Amino acid sequence: IQAVVAADYIRNLREETRKGFYGRLKQGLYPLAAPAGYCDNGKGQPKTVCPKNGPLVKQLFDLYVSGQYSLTTLADEMHARGLRSRTGGRVPRSMIAVILANPFYVGTIRVHSTGEVFPGVHEPLIRRSRFDDVQSILHGRMPKCQRVHHHLFRQLFKCSQCENLLIGERQKGHVYYRCQTRGCRQTSLREESLDDAVRSALTSLTLSDEEYELLSAEAETMETEQEKTAHEAVESLRLQVAAVAARLDRLTDAYLDQAIEKEAYQSRQASHLEDQQRLKEKLRDAEAVLEANRNQLQDFLELVKSFTLLYEMGTDDEKRNVMQSVFSNQTAFGKDVVVTLYFPFQAMANRPPVLDCADGRTCTYDLRFMSAML
């Protein structure tokens with residue numbers, strides 16, 4: 001009799017524990033110890049980002065996506081940066097792989113034993129797009145890029161004949177770029193020659209005071225129109241998020257009514273949750289754009305005025321950021337270097353001059369090309 005009572009007690013305790021566990025999961029709470037980068041806050045409370053390890057875990061994802069680290073070298077790098085295990089020791093390679101594959105960092109709770117997923121209420125640490133890139137590398141769907149040298153114009157200029165990248169190498173105190181394709185007649189170009197071409201192209205974007213006033217007036221009008229468009233985009237995304245939530249509710253009702261099998265339910269639920277996360281990220285981005293839209297064009301004009309200064313005074317990384325923001329294509333052959341601006345900047349570089357009218361007034365622009373540029 002005592003054995004039967006004990007067995008019944010154990011079964012009942014198991015069921016009650018399971019109910020409590022899944023009850024927390026359905027509330028979006030993780031009832032186990034917080035993963036690396038998060039802190040526990042007691043029973044019934046969501047995990048919060050650890051102020052010390054949270055940024056380090058985010059760096060872990062960023063470094064792995066860069067393609068410069070394997071799991072082993074990444075473990076060494078993160079130990080040097082200060083990431084530690086719960087016991088204060090080195091985070092092993094196997095745990096690095098577990099962290100990179102854990103969807104908890106994008107806001108989803110996954111039960112490893114059953115494969116079930118639940119939406120979490122905790123703050124995501126990683127964007128869904130970044131997490132997907134990491135999974136692609138982990139599963140061998142995205143090649144890793146190895147970069148050894150750190151020359152200023154690395155992977156920025158192409159040979160105009162064979163369209164291969166010009167590779168930089170240091171010789172006698174100078175960096176030379178040339179095409180490595182066998183049989184190509186491209187000669188070596190010194191880094192200073194490429195730098196002069198970039199500076200010349202940026203100089204064409206310099207605005208005079210009259211041009212800046214005309215563009216500022218046009219920007220004020222366009223900001224009002226863009227704010228209206230941004231409001232419409234935000235409302236559209238909110239409706240899409242609500243629609244996905246409604247589909248999840250209907251799917252859950254169908255599963256509870258035993259209208260679909262458990263495997264089909266889990267598969268569709270996981271797909272809907274991924275869609276919901278992506279839409280929520282887009283919604284947050286759209287709301288951020290709406291918040292910053294009021295002064296976006298004015299800030300853009302101020303930035304254009306300082307492109308040349310940013311390039312001249314910036315570090316190599318800042319110079320590369322300027323080039324990647326302004327130029328769409330850079331080619332070279334022989335001693336000829338050609339840089340192509342993106343459309344908005346190309347329109348600015350080809351703008352008509354400001355002319356003085358006969359009565360001493362400054363003639364106005366035809367603002368149609370400026371509207372397209374902005």
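As the structure is a computational prediction, the values presented were derived from the model and not from experiment.
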Taken in chain and number order and not counting sequence neighbours, the residues that satisfy salt bridge (charged side-chain N to carboxylate O under 4.0 Å, His left out) with Lys158 are none
Applying salt bridge (charged side-chain N to carboxylate O under 4.0 Å, His left out), can you list everything that pairs with Glu235, at least two apart in sequence or on another chain?
Arg238
Atom [atom1] of [X]: over 12 foreign heavy atoms under 6.0 Å:
X	atom1	value
Lys319	NZ	yes
Glu232	CD	yes
Lys335	NZ	yes
Glu261	CD	no

Minimum heavy-atom separation for [X] and [Y], please, with both atom names.
X	Y	result
Ile99	Ala36	CD1-CB, 3.9 Å
Asn53	Gly82	OD1-O, 4.4 Å
Val339	Gln330	CG1-CG, 3.9 Å
Asp195	Arg199	OD2-NE, 2.6 Å
Ser188	Arg178	OG-CD, 3.4 Å
Ala197	Val337	CB-CG1, 3.6 Å

Let's go through Leu100 and Phe131 carefully: what are the C-alpha distance in whole Å and the side-chain angles of both, what is the deciding distance for side-chain contact (heavy atoms from CB on, under 4.5 Å) to 0.1 Å, and is it a yes or a no?
CA-CA 8 Å; Leu100 292 173; Phe131 183 78; over 6 Å; no
One pair to check against ring-ring contact (aromatic ring centres under 6.0 Å, His included): Phe157 and Tyr177. What are the steps and the verdict?
CA-CA 9 Å; Phe157 280 85; Tyr177 293 83; 7.4 Å; no
What I'd like to find out is whether the side chain of [X] reaches to under 4.5 Å of the side chain of [Y], using heavy atoms alone.
X	Y	value
His112	Arg110	yes
Tyr176	Glu191	no
Gln240	Ser236	yes
Gln180	Asn164	no
Ile109	Phe104	yes
Val91	Met78	no
Leu166	Cys159	yes

Just how far is it from atom [atom1] of [X] to atom [atom2] of [Y], taken to the nearest 0.5 Å?
X	Y	atom1	atom2	value
Leu83	Glu77	CG	CD	11.0 Å
Leu71	Ile96	CG	CD1	8.0 Å
Gln266	Leu251	CD	CG	10.5 Å
Asp76	Arg81	CG	CZ	12.5 Å
Leu283	Gln276	CG	CD	11.0 Å
Leu341	Ser204	CG	OG	5.5 Å

Co-membership, hydrophobic cluster, residues [X] and [Y], 4.5 Å side-chain:
X	Y	value
Leu189	Leu165	no
Leu63	Val106	yes
Val198	Tyr342	yes
Val65	Leu60	yes
Ile260	Val244	no

Can you tell me if Arg90 and His79 form a side-chain donor-acceptor pair at under 3.5 Å?
no
Would you kindly say whether Ser70 and Thr73 are connected by a side-chain donor-acceptor distance under 3.5 Å?
yes
Less than 4.0 Å between a side-chain N and a carboxylate O, is that true for [Y] and [X]?
X	Y	result
Glu123	Lys47	no
Asp285	Arg127	yes
Asp62	Arg130	yes
Glu15	Lys19	no

Test side-chain contact (heavy atoms from CB on, under 4.5 Å) on Phe153 and Met323; report intermediate values, then the result.
CA-CA 9 Å; Phe153 299 116; Met323 291 185 61; 3.4 Å; yes
Considering residues at least two apart in sequence or located in another chain, which fulfil the side chain to side chain donor-acceptor pair (under 3.5 Å) criterion with Asp316?
none
Which residues pass the side chain to side chain donor-acceptor pair (under 3.5 Å) test with Gln161, not counting sequence neighbours?
none
Acceptor/donor pairs from residues 7-14 side chains to any protein atom, 3.5 angstrom cut, sequence neighbours excluded:
none

Using side-chain contact (heavy atoms from CB on, under 4.5 Å), reason through Leu152 and Val175 one step at a time and then give a plain yes or no.
CA-CA 9 Å; Leu152 173 58; Val175 178; over 6 Å; no
Using distance only, find each side-chain donor-acceptor pair of residues 21-34 under 3.5 Å and give its atom names and separation, not counting sequence neighbours.
{"unit_1": "Tyr22", "atom_1": "OH", "unit_2": "Glu116", "atom_2": "OE1", "d": "2.7"}
{"unit_1": "Arg24", "atom_1": "NH1", "unit_2": "Gln27", "atom_2": "OE1", "d": "3.2"}

Please step through side-chain contact (heavy atoms from CB on, under 4.5 Å) for the pair Arg247 and Arg250, ending with a clear verdict.
CA-CA 5 Å; Arg247 286 199 296 270; Arg250 291 195 298 269; 3.1 Å; yes
Do Gln346 side-chain atoms and Thr340 backbone N/O form a donor-acceptor pair below 3.5 Å?
no
Close aromatic pair by centroid cut-off 6.0 Å: Phe61 and Tyr105:
yes
